[in-house]
Protein chains: 2
Amino acid sequence: MKERADVPQGTLALMVLKTLELMGPMHGYGVSRRIGQISGDLLAVNQGTLYPVLLKLEQEGAIVSDWGVTENNRRARFYELTRVGRKQLEVETRQWEQTAALVGRFFTVKAEDLT
Amino acid sequence: MKERADVPQGTLALMVLKTLELMGPMHGYGVSRRIGQISGDLLAVNQGTLYPVLLKLEQEGAIVSDWGVTENNRRARFYELTRVGRKQLEVETRQWEQTAALVGRFFTVKAEDLT
DNA sequence: CCACCTATATCGACCATCGATATACTGATC
DNA sequence: GATCAGTATATCGATGGTCGATATAGGTGG
C-alpha cells in the first residue's frame with residue numbers, strides 16, 4: 001500500500017490544463033487518472049479538489065464542457081481547452097518555470113556570493 | 001516602482017531554513033531581506049507571513065531564538081538552525097526536488113508515451 | 001525634530017486543497 | 001438476481017499557508 005503524495009499547492013490547475021492539452025477532451029475522472037499516471041503514481045488528485053477546479057476553470061473560460069458518453073458507456077462531462085485556456089496554460093507554465101528557477105537558486109547560491 | 005511577486009505557496013519555510021543554513025544565525029528582518037536578495041529582488045516576503053512562520057518553526061524545534069543586538073545597535077531576535085532544523089531542511093529539500101521533477105514531467109511527456 | 005529605515009508582532013480575510021460523504025450507473029462474479 | 005468493485009460527478013466543512021492592514025518602538029541622518 002504505497003502512499004501517494006498530495007498535489008503541490010498551486011500546480012493543480014496547471015496540470016489539469018496541461019493534461020487536456022496533451023490528451024484532448026476528457027472527463028474529470030480521466031484527467032485525475034492521467035495526472036496520477038504521468039506522475040508515475042506518485043500523486044493522487046483529491047476528487048473534492050478536482051471538481052471545484054474544473055468548475056473554476058470553466059467559469060474563467062479556460063475550458064468548456066458538455067455531457068457525453070465514455071467508451072465504457074458511462075455518462076460523463078467532457079472538458080475541452082479553449083483558446084483562453086491555451087493562453088492561460090502558457091502563462092502558468094512560464095510562472096511555474098520562474099518559480100522553479102527561483103527556488104533552485106537557493107540551492108546553488110553560496111554565502112560568498114552575498115554581500 | 002518594480003513589483004515583486006509573492007512567495008510561492010509552500011516554499012517559504014524551506015527558504016527560511018536554507019537562508020539560516022547559508023548565513024548562520026540571523027534575525028527575521030535580515031532573513032526576509034536575504035530572501036529578497038537571493039531571488040534577485042524578484043520576490044518579497046510579507047512580514048505578516050514571516051513571523052508566524054518563524055514562530056511555527058521554533059515550536060517545531062527547527063530553530064531556536066534569543067534576543068540580541070544587531071550591528072546597527074538595534075534590538076532583534078536572532079534565530080539559529082537546530083539539528084532538527086537541518087534534518088527538516090534536508091527532508092523539505094528532497095520533497096521540493098521531487099515536486100519540481102514531477103511538474104517538469106508534465107512538460108516533457110508526450111501523448112504517445114501514455115497508454 | 002521629523003522622516004525614514006530597522007525590527008517585531010498580531011489580526012482578519014482569502015483561497016487552494018483535504019477528507020468525508022453522497023449519489024448513481026455499469027460490468028463482473030457468485 | 002444479488003452483491004460488489006470500479007466509474008463518474010458533486011458538495012461540504014475544515015485546514016493551512018499566505019496576504020494586507022495595522023500597530024509599536026527605537027536609531028540615524030537631514
Side-chain angles (χ1 to χ4, degrees), chain A residues 3-17 25-37 39 43-60 62-63 65-79 92 95-96 99 102-103, chain B residues 3-17 25-37 39 43-60 62-63 65-79 92 95-96 99 102-103:
Chain A
E3 54 183 271
R4 299 158 111 198
D6 293 341
V7 169
Q9 288 277 124
T11 61
L12 182 55
L14 175 59
M15 293 195 282
V16 168
L17 293 175
M26 295 188 78
H27 48 86
Y29 190 78
V31 169
S32 84
R33 272 189 325 196
R34 279 296 169 198
I35 291 179
Q37 188 189 4
S39 77
L43 45 92
V45 180
N46 190 316
Q47 300 183 359
T49 306
L50 179 65
Y51 292 105
V53 164
L54 288 170
L55 190 66
K56 196 193 154 217
L57 287 173
E58 188 163 21
Q59 283 170 350
E60 291 170 356
I63 56 181
S65 74
D66 65 320
W67 286 100
V69 177
T70 69
E71 46 192 15
N72 299 331
N73 197 33
R74 283 191 184 82
R75 175 180 150 279
R77 193 187 276 277
F78 285 80
Y79 295 92
E92 290 198 26
Q95 280 174 355
W96 167 260
T99 293
L102 230 48
V103 177
Chain B
E3 54 183 271
R4 299 158 111 197
D6 294 340
V7 169
Q9 287 278 127
T11 61
L12 183 55
L14 175 59
M15 293 195 282
V16 168
L17 292 175
M26 296 189 77
H27 48 86
Y29 189 78
V31 169
S32 84
R33 271 188 325 196
R34 279 297 170 198
I35 291 179
Q37 188 188 5
S39 76
L43 45 91
V45 180
N46 190 315
Q47 302 183 357
T49 307
L50 179 66
Y51 292 105
V53 164
L54 288 170
L55 190 66
K56 196 192 156 217
L57 287 173
E58 188 163 22
Q59 283 170 349
E60 292 170 355
I63 57 181
S65 74
D66 64 321
W67 285 102
V69 176
T70 70
E71 45 193 15
N72 298 332
N73 196 34
R74 283 192 184 83
R75 175 179 150 280
R77 193 186 277 279
F78 285 81
Y79 295 92
E92 290 198 26
Q95 280 174 353
W96 167 259
T99 294
L102 229 50
V103 177

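First the proteins, then the strands, lettered A, B, ... as listed; each starts at 1.
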- For the pair made of CG in A/Leu55 and C1' in D/dA10, what is the distance, rounded to whole Å? 10 Å

- Query: Taking atom C1' of D/dG6 as reference, at what distance in whole Å does atom CD of A/Gln47 sit?
  - Reply: 11 Å

- Query: Do the side chains of A/Thr49 and A/Asp6 get nearer than 4.5 Å, heavy atoms only?
  - Reply: no

- Query: Just checking A/Leu12: base, sugar-phosphate only, or nothing, at a heavy-atom cut-off of under 4.0 Å?
  - Reply: sugar-phosphate

- Integer-rounded Å distance: C/dT8 C1' and B/Arg75 CZ: 7 Å

- Query: Does a side-chain N or O from A/Arg33 land closer than 4.0 Å to OP1 or OP2 of D/dG6, or not?
  - Reply: no

- Message: Regarding B/Gly30, tell me which of base, sugar-phosphate or nothing describes its non-hydrogen contacts under 4.0 Å with the strands shown.
- Response: nothing

- Message: Please classify the nucleic acid contact of A/Ser65 as base, sugar-phosphate, or nothing, using heavy-atom distances under 4.0 Å.
- Response: nothing

- Item | Nearest-Å distance for atom pair OH/P, residues A/Tyr51 and C/dG19 | 17 Å

- Message: Using a heavy-atom cut-off of 4.0 Å across all strands, would you classify B/Gly28 as base, sugar-phosphate, or nothing?
- Response: sugar-phosphate

- Task: Give the rounded distance in Å between these two atoms: CG of B/Asn46 and P of D/dT22.
- Result: 13 Å

- Message: Categorize A/Ser32 for me: base, sugar-phosphate, or nothing, with a 4.0 angstrom heavy-atom threshold over every strand shown.
- Response: nothing

- Message: Do B/Tyr79 and B/Glu58 have side chains that approach each other closer than 4.5 Å (heavy atoms only, starting at C-beta)?
- Response: yes

- Query: Starting at the 5' end of DNA chain D, which residue's closest nucleotide do you reach first, B/Val53 or A/Gly48?
  - Reply: A/Gly48

- Taking the side chain as every heavy atom from C-beta outward, state whether B/Leu54 and B/Ser65 have any pair of such atoms under 4.5 Å apart. no

- Query: Considering only side-chain heavy atoms of B/His27, which listed nucleotide, D/dG20, C/dT8, C/dA16, is closest?
  - Reply: C/dT8

- Item | Donor-acceptor pair (no angle test) under 3.5 Å: A/Arg74 side chain, C/dT26 base | yes

- Can you tell me the distance, in whole Å, between the OH atom of B/Tyr29 and the P atom of C/dC4? 14 Å

- Task: Using a cut-off of strictly less than 4.0 Å, decide whether A/Lys56 has a side-chain nitrogen or oxygen near OP1 or OP2 of C/dA16.
- Result: yes

- Residue B/Thr49, side-chain atoms from C-beta onward, closest of D/dA10, D/dT18, C/dT6: D/dT18

- Message: In the structure I gave you, are the side-chain heavy atoms of A/Thr70 and A/His27 within less than 4.5 Å of one another anywhere?
- Response: yes

- Message: Quick check: on DNA chain C, is the nucleotide nearest B/Asn72 upstream (toward 5') of the one nearest A/Val45, or the reverse? Name the residue that is more 5'.
- Response: B/Asn72

- Figure out the CE/C1' separation between A/Met15 and C/dA16, and round it to whole Å. 12 Å

- Message: Checking contacts here: which listed nucleotide (C/dT10, C/dT6, D/dC19) is nearest the side-chain heavy atoms of B/Pro52?
- Response: C/dT10

- Report yes if the side chains of B/Leu50 and B/Val16 come closer than 4.5 Å at any heavy-atom pair, otherwise no. yes

- Task: Rounded to the nearest angstrom, tell me the gap between atom CG in B/Asn73 and atom P in C/dA7.
- Result: 11 Å

- Message: Measuring only between side-chain heavy atoms, which start at C-beta, is B/Val45 closer than 4.5 Å to B/Val53?
- Response: no

- Query: Side-chain N or O of B/Thr70 less than 4.0 angstrom from OP1 or OP2 on C/dA7?
  - Reply: yes

